[in-house]
Amino acid sequence: MASVFDVTLVCLILAVGAWSTFARLTFSAIVIFIVYGLLLSLAWVRLAAVDVALTEAAIGSGVTGMLLLNAVARLRSTDAAPTPSRSSVNIAAGVFCTLITASLAGLVLVPPQVPVSLAPSVMESLGQSGLGNPVAGVLFVYRSLDTLLEKVVLVLALIAVWSLAPDGLWGGKPALRPFPQRDSVLIFLARTVPPIGIMVGIYMFWVGADEPGGAFQGGAVLAAMWILVMIAGLAAVPPTSSHALRLALIVGPVVFLAIGILGIFLTGTFLAYPEGYAKPLIIAIEATLTVSIGVTLAMHVVGPPEKEWRS
Amino acid sequence: MTLILDVFTIAAVTVGVFFFVIAALAFLRFPDGLTRLHALTKVDNVGLGLIVFGLLPQAGSVMGALKLICVWLLVQFSGAIVTQLIARSTRREGQEA
Amino acid sequence: MAAAETSSIAGLLLVSVLILPVVGILAQLALGGRFLNWICLAVFPASFGVSAATCAVVWSHGEPLIYIVGGWQPPLGIALRADGISAAMMLVTAIIICAVAIFARVEFTQPSGAPEARAPFVFWALILALWSALNALFLGCDLFNLYVALELLTFAAVPLVCLKGGEATVKAALRYLLFALLGSMLYLMGTALLYGAYGTLDITLLAQRVHPERVTWIAAALMTVGLLTKTALFPLHLWLPPAHAGAPAAGSAVLSALVVKGSFFLIVRLWFDAMPGLGHTAGPQLLASLGAAAILFGSVMALRQQRLKLLVAYSTVAQIGYLFLMFPLAMAAEQSWTSLAWTGGWLQLFSHAFAKAAMFLAAGLIADALGHDRINDLGGAGRLRPLTFCTFGLAGLSLIGVPPSGGFVAKWLLLSASVAEGQWIWAAVIVVGGLLAGGYIFKVLGRAFTAGSDAPVIVTPVSLSREVVAFSLAVGAVLLGFFPLEPAEILQIGRPEILGSTVP
Amino acid sequence: MAIMNAITIFGLCAAALVGLGIFGLIVNPQPLRKILAINILGSGVFLMFGVIARRGAAAGLGGDPVPQAMVITGIVVAFSATALAVALLLRLVLVSGAATLEAEAEPSEKDGR
Amino acid sequence: MTLGEVLLVATLAVPLVTLVLALSSGSHRRTTILLVLAAIPALLTALFAESGTTVVLPQALLSLVLSLDLPGRLLLGAAALLWIATGAYAVLSRRGRENDNPFPIWWLATMTGSFGVFIVADLVGFYLFFTLVSLSAYWLVVDDGAPPAKRAGAVYVSFALLSEAFLLLAFVLLAVATRNDSFLIRDAVAAISTSPLRDPAMAFLVLGFGIKIGLVPFHVWMPLTYASASIPVAAVLSGATVKAGVIGLIRFLPFGVPLPGWGETLTALGFVSAFYGVLIGITQTNPRTILAYSSVSQMGLIAAVLGMGLATGNSITPAAAAFYAMFHILAKGGLFLAIGVAQKTRHRTEWTVLLPAAVVVLGFGGFPMTGGAIAKYAIKSPLGDGDVAMLAMVSAAASTLLMLHFLRCLRASRSHETRTTSAAEQSFIWLAIVVAVVALPWALYPAVIQASAHDALSFDALWKATWPVLIGVLLFGVLGRAPRILPMIPPGDIIVLQSWAWSGAKALGDATERIDEYLRRWSIAGSLLLVVTLALIGSFYVGR
């Protein structure tokens, strides 16, 4: 029988999700969405996927929440749009959505006869790569092409965001407005929390090889700390044309690609790690990835350049 | 021995939850933003403290217990600062409106 | 499997086809704007060479080229597979992207000495990303890997639409992105269901494990509709006209000719490779009827457009419909790849790619030269820019399906297939589509080549080199017309291995 | 009869979230709320992956690591999609002053080029 | 490569080379003498290449198959003559006039298509040249860009595209009937007559070629096009390019096996067109429109001849129809040139134009000793001697009436400004055509019908030829007294009816635009997406 906690958690998630969808004000919708994200990471813990819970909390609701809050602050002027009207189209859409949900629920209720899983084959050959965490194994050993392509997607999305700046401001500084007053409390926070945060981020990346954690989650924490410092005004927002920023952006994918190509010369196949050296190589990849992901996520939140900057 | 610890944990956690319930009630009852904020932070910190305190014996290892305490400290710390910021901004909005 | 099971040197071609454009983007970010021209000069020819080499290897061996990435066999790892149709698609993509690159070289050059400019930097990064994503789509053998490639494609296509930054183009780009994301999420849900039911996402393994049951139908439906949103088939075409009309000329050429075909390629992979069982259901008929509606609706809308770029965009909506006629016709045959409709469908895709790229480039040149692209005011412009309108005409011939053009051979094969299998409705739709296409092509050419009320004036001179590039693409569409009128051998490479053993 | 164990509950929750996400995306006129709905839809799809992973628990693991790795990649891709959508929306508001997706006027004349 | 094969290839190669030459040299603005010379190889092929020579071009040239048979040779020769004459006329009339539209390019393209259609022997090749001749003629029609020309061009191109659509379907049916192994027309026609696809194929063939030769419901484009095109263009369109439809019917109808069903329908269509053309023609006043309706009538007659041949399975019908069509090419083209020449001659010397025109006109009626007489005698055998032959006689009388009406309108419509610059040479071309019209049929008759010409001179044949002409003259006399009784019908007659079809199409277009605007609303598109998903799931369950 499903435990009471699970049932309440699911009901809570659905309630908060519905509330966020139908909230009158966009600002409250987004705040509720962040709560929804945290509840979801609880659900991931219940589904015994701690890695994913960390990712959901860090990226799914953390950084995305920051992004949406920043957006709603900018859009405050156009917020008074009415809630969805009760027109016939909406009712029809509702009916179709329930039909889709019903068909999916029907599938969920009838689990496949023979449970099918790749877990045994993952565990059986995980030992060769020296990694302890199976999810990290899948990400960086078995399906490393996915991870590489996904990194390229992240970098390309950033180029796309930057491309939305007007011609004149290309290479300029993104307009993250630091907190207006020279307020002591936020600066105090920005001075004390980041060291802990950075330590937690690095710990998360480091432990990722054997325990749940990894480059993505660590990178997200680092990004959060950097944004906190920038908002408090302690650190200047780097111009998008700064050489250091761009190098930091691409150091992750470049190292990943280099090691992949190295695999061709040493073992004859792309993205294959030579015997015995798998773990150090993967750690090297993850280290640079953490830095790149951190910088990229922060730059996504900060947005396209909006101020003149002549280096 | 474990029985005593379990009883202790259950007691502490229930009291903690009780504090949270009060905080929620206060949040709904109080008229304006500042008083709600006041109620929330104070009561939640105490509630969380009690729950963490109650769970300490359940934590597997000493490291686990330390992590729990770190979590509590971090929540205390950031909660207080964030409350300050929200209070200031609601007061400033109060003056402008 | 009989295929060349290698991670050999030839297999490395497949990897380099994926990786070279990505290296280009990373180099662009690392070195900045000053070296932009050098990077492009290095990466584009290299990528073209590798694509052509892969195509040559696959066509000469007559066997698909398989490469196991990272050395782990498919259920666990990811394989890259280049069979006949993916080699052909890679070749067409390489040719069109290089032609568009030469065309765009004038408009998007980084001025030497000046600080890094936005448009050139972004344009070349997006084109390279598009190329890498398309190659990943053609070679991918794992459904989730194809999802990531699809997202890479969308994220490269959306900013291309609003590169010029006008209000309408940004709105079109946002609509395109949101609708495409909805599609991707449905596709992802389908992948989840398939993995839950059969334990693998590799297409060749799926072909052996899939059997007709509820989870397969729902997964196939979700994935197909997810891909239909990106292919902009008739009822789901809301984003295509403003997006393709608003993009810069070079951008809209690549968008219409290639990006829309990438997701179509996946639908073919899904229906013909992963789940051939779908052929015995009424699914292909539904897809073809949507295609037929697209042909009729798109052509009538194209006839009514007042602006040239919108006319060409709606013509894309119509021509996509033809591709979906391939499903019922090819799947009716016992071995789908030997039927006339299979070759006809692919030829339609290739000739439309060439013709539409040429048409959008020509439309862009006309808009640049005359300062506007209102069709009614094109009176007599044919004399001012004869080569551009000649390009538009040649490409138009391929769309109408007039010999000697690729469009004609494709229509002939599709008509023969529909007549041979007695599905007359598709034959009627093809012919009416050709008529309507003739209508809107002659509407434009008629106004261009006959003296209008006020003599048009050239606003900004257009260099002949750009016109020659557009003309060469149109000639490409015509050269496809010399294809023999029977099922093409090279498009059948690698088909039997997937389906030979198990056709449920 | 379908066993109503914990995993199935989360499966039903995933299905419901997918329906909710699609409904929110279709119905809500505001683009920012549409982006929110896409994130809810995405979380629903990833939850389905989680349920399938949990059902594939074997060889001493709590769940099949392959779908879990896919979810991590999916979340990062979904984030970059959200970031691009938000940037586009902000640019749209900057340029047109209104945050609406309905194309009232066809691309106006000045975009004729 | 024998002489014949070289000539065959040259027929197409020379015009194409000239076209490329004109394109590249930039001299495509001025119409040079090359236009005339490009048609010479075709004439030589018709004269010297012996029937039956076939050439298979390499794969690089779409593996076209060119072959010359008797009907093809006759039509090719006559068309070449007409192209040379009208080419010379065009060169003279446009000398020095800097024209913007690339006239020579489209002239040469239409010429290539027109010659190609007569000598090509495979399906795809025929469709290629048929399209070439139809679509490039559009640019000749809209050459001077005047508004009526544009409207006529639009009507012309829509009918041309419609005919091509039908033909594409027909050819696909033929190809499928031969299981796609050989694309030769001969094999396709042989295979289709026995295959189940015969009826649809025949229907599309008759429709496709019917539109091209202007059978009644589809004839509206002819009067509009011929009235608004320039004189040489109208001459060559009414003469040579229309015959693409005739050669199509000759090649694609299975004359070997009698097909009474299709034969009768074609004959009926033919005679309806024949009489309809005359009925409307006599109400017109513009000489060009009258000639257009005379074309509709004559083409109707040829269709009737082919129909009867098909019904009775008479094997010499193709040759007879081609012979009559040859006469029609030269006569109709010549009369259009006559209009051009008449507008330039002075009042005093008008008889130099009207007298030869009278000879040609009487030929249409089949007056003895004229070219028309021998042509009508040739098509007598396929028509048999029942009531169909009587109908043919009546149609001869009717066309005599129409042509006399044409003569009167020609005389009345002569403009009085007397430009005599190139009039002399042009009238020389006109006279050359008249000589050809009279002499050529008599000369070629023995070779074509394998019977001596002198039994056509027997007394009863002569009498059978003269009484329809007499009736025609009589009717013309009666009509002359009371011109008021005839209603005024605008050229293109039922095109006026089709204007409501045009407004219907516009309404449909508006509705489509509203639907598209509705479908592209976000919430509608989203719901449609879900509908398509559910429909797909449903369709998978159906037919499993």
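Numbers restart at 1 for each chain; the letters A, B, ... are given by sequence-line order, proteins then strands.
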Contact winner vs chain D - A/Thr55, A/Val122, A/Leu54, heavy-atom pairs under 4.5 Å: A/Thr55
Tell me, side chain or backbone of A/Ser20 under 4.5 Å from chain D's heavy atoms, or both, or neither? both
Relative to chain D, which segment of A/Val63 carries a heavy atom at a distance below 4.5 Å: side chain, backbone, both, or neither? both
For A/Gln217, is it the side chain, the backbone, both, or neither that has a heavy atom closer than 4.5 Å to a heavy atom of chain D? side chain
Stepwise side chain to side chain contact (heavy atoms under 4.5 Å, CB included) check, A/Phe216 with D/Ile72: CA-CA 8 Å; A/Phe216 301 105; D/Ile72 291 178; 3.6 Å; yes
Option in A/Gly37, A/Ala29, A/Gly60, A/Gly303 with maximal non-hydrogen atom pairs under 4.5 Å from chain D: A/Ala29
Gap separating the CG atom of A/Leu75 from the CG atom of D/Leu92, nearest 0.5 angstrom: 9.5 Å
So which of A/Val50, A/Leu139, A/Leu156 has the largest heavy-atom pair count under 4.5 angstrom toward chain D? A/Leu139
For D/Leu89, is it the side chain, the backbone, both, or neither that has a heavy atom closer than 4.5 Å to a heavy atom of chain A? side chain
Cut-off 4.5 Å, heavy atoms of chain A, and the answer for D/Leu32 is side chain
Quick one: OH on A/Tyr36 to CD1 on D/Ile40, what's the gap to the nearest 0.5 Å? 5.5 Å
In this structure, CG of D/Leu94 is separated from CD of A/Glu306 (nearest 0.5 Å) by 6.5 Å
Can you confirm whether D/Val76 sits close enough to A/Ile293 that some side-chain heavy atom of one is under 4.5 Å from a side-chain heavy atom of the other? no
Close contacts, residues 94-101 of chain A versus chain D, judged by heavy atoms under 4.5 Å: A/Gly94, A/Cys97, A/Thr101
Kindly indicate whether the side chain of A/Arg143, heavy atoms from C-beta on, has any atom under 4.5 Å from the side chain of D/Met70. yes
Using non-hydrogen atoms only, which part of A/Leu158 is less than 4.5 Å away from chain D: side chain, backbone, both, or neither? neither
Do D/Asn28 and A/Phe22 come close enough that some side-chain heavy atom pair is under 4.5 Å? no
Segment of A/Leu40 engaging chain D (4.5 angstrom heavy-atom cut-off): side chain
Are A/Glu56 and D/Leu47 side-chain neighbours, meaning at least one heavy-atom pair lies under 4.5 Å? no
The reported gap from CG in D/Leu90 to CZ in A/Arg74 (rounded to nearest 0.5 angstrom) is 5.5 Å
With sequence neighbours left out, what residues match A/Ser163 under side-chain contact (heavy atoms from CB on, under 4.5 Å)? C/Arg118, C/Val122, C/Pro159
Picking from A/Val153, A/Asp51, A/Leu154, which has the most non-hydrogen pairs under 4.5 angstrom with chain D? A/Leu154
Can you say whether D/Ala16 sits under 4.5 Å from chain A via the side chain, the backbone, both, or neither, judging by heavy atoms? both
Return the OG to CG distance between A/Ser121 and D/Asp64, rounded to the nearest 0.5 Å. 8.0 Å
Spacing of CG belonging to D/Leu20 relative to CD1 belonging to A/Ile13, to within rounding of 0.5 Å: 12.0 Å
Side chain, backbone, both or neither of D/Val86 within contact of chain A (heavy atoms, under 4.5 Å): side chain
Determine the option with the most heavy-atom pairs under 4.5 angstrom with chain D, choosing from A/Ala165, A/Ala49, A/Gly214, A/Ser103. A/Ala49
With a 4.5 angstrom heavy-atom cut-off, could you sort out which part of D/Ile26 is near chain A: side chain, backbone, both or neither? side chain
Residue selection (most heavy-atom pairs with chain D, distance under 4.5 Å) from A/Leu118, A/Ile59, A/Thr147: A/Leu118
